[in-house]
Amino acid sequence: MPSVAPAPATPPRRVHVTEVGLRDGLQNEAVLLSTAEKMALARALVEAGVLEFELTSFVSPRAVPALADAADLVASLRGTRGVHWSALVPNLRGAERALEAGVDSVVLFVSASESHNAKNVNRSVDASLEGFEAVARRLEGSGIALRGAIATAFGCPFEGDVQVEAVGRIARRFADLGAAQLSLGDTTGMATPPLVTERITHLREVVPTLSPTLHFHNTRGIGLANVMQGLALGVERYESSIGGLGGCPFAPGASGNIASEDLVYLLTEMGIETGIDLDGMIAAARIASRLMGRPLPAQVSKAGPRLALSDCSAVPTALGRA
Ligand code: ZN
């Protein structure tokens, strides 16, 4: 078992939050939203100050019907002032579609474990990595950024523990392909604070030029504890989903990504700048909940900000609650 970090470095003063609810969240929800509904949610998030989105995925519409409108959605939202729209692509064909639609960056994704990659994209990890070279060449000179994402980076639902060296090996390939950012995906919520320390420390040794992004799922309730560990290590980039939209395909009823408003609440209370307004995020989370037709797992949008006070005179005395 890896050890937790020694005395933390100073947490970053500013953190970048990428909203992934429209991609990772919706991909794991049974309700299908229309393009107009997705646009309304995206606009509410932009209104709240969100500047970075992982908006959709250019995968097979048959495999992921929830994201079948990828091209229309990107085309409708691109050009929003100051906002960065990225999309996942599994291969060159997906990249061509994403470029045509007008994304700002392309995210290539692969799992750190063979069985998850086989289930996800039906090929070996090395075959995925080899296929990425054509995408990297296609992007050269296009002005469109290349990002990397590693799924099951903290554990695999089929294989269990994932060796940190497997993550490091893929990270090196992404660095060679010219990626500037790399997201470590905790696909089924298997990350723990010691694993966060181990992975970030290793990546800083093997790919010092790659800026890490932490992508936690709250499947086992310690998503924000993992964020705290990332902050202690000085990591400046996190991904989250509004309302905690989404779920886990292997555990019906389990939570999905950490909730964006809960993350923004934590960061704001720590004095870390995000440029995102908590009240605006709570408003966006209510829209998300209404569109999905159910309460979402996030907590701050239910309880309100810490200083959302109750009317003392309206509450009876001697309730006896702790
Ligand atoms: Zn995810």
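Counting convention: from 1, in listed order, for ligands and their atoms alike.
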Is the count of non-hydrogen atoms from other residues, nucleotides or ligands lying under 6.0 Å from [X] atom [atom1] greater than 12?
X    : atom1 : answer
N122 : CG    : no
K302 : NZ    : yes
M228 : CE    : no
E47  : CD    : no

Note to self: Using side chain to side chain donor-acceptor pair (under 3.5 Å), reason through E261 and S301 one step at a time and then give a plain yes or no.
What the structure shows: CA-CA 7 Å; E261 64 270 40; S301 41; 2.5 Å; yes
Item checked: Geometric class of the F174/F132 ring pair [parallel <30°, tilted 30-60°, perpendicular >60°] -> parallel
Next item on the list: Would you list the protein N, O or S atoms within less than 2.8 Å of the Zn ion (ligand 1), leaving out water?
Entry: D24 OD2, H215 NE2, H217 NE2
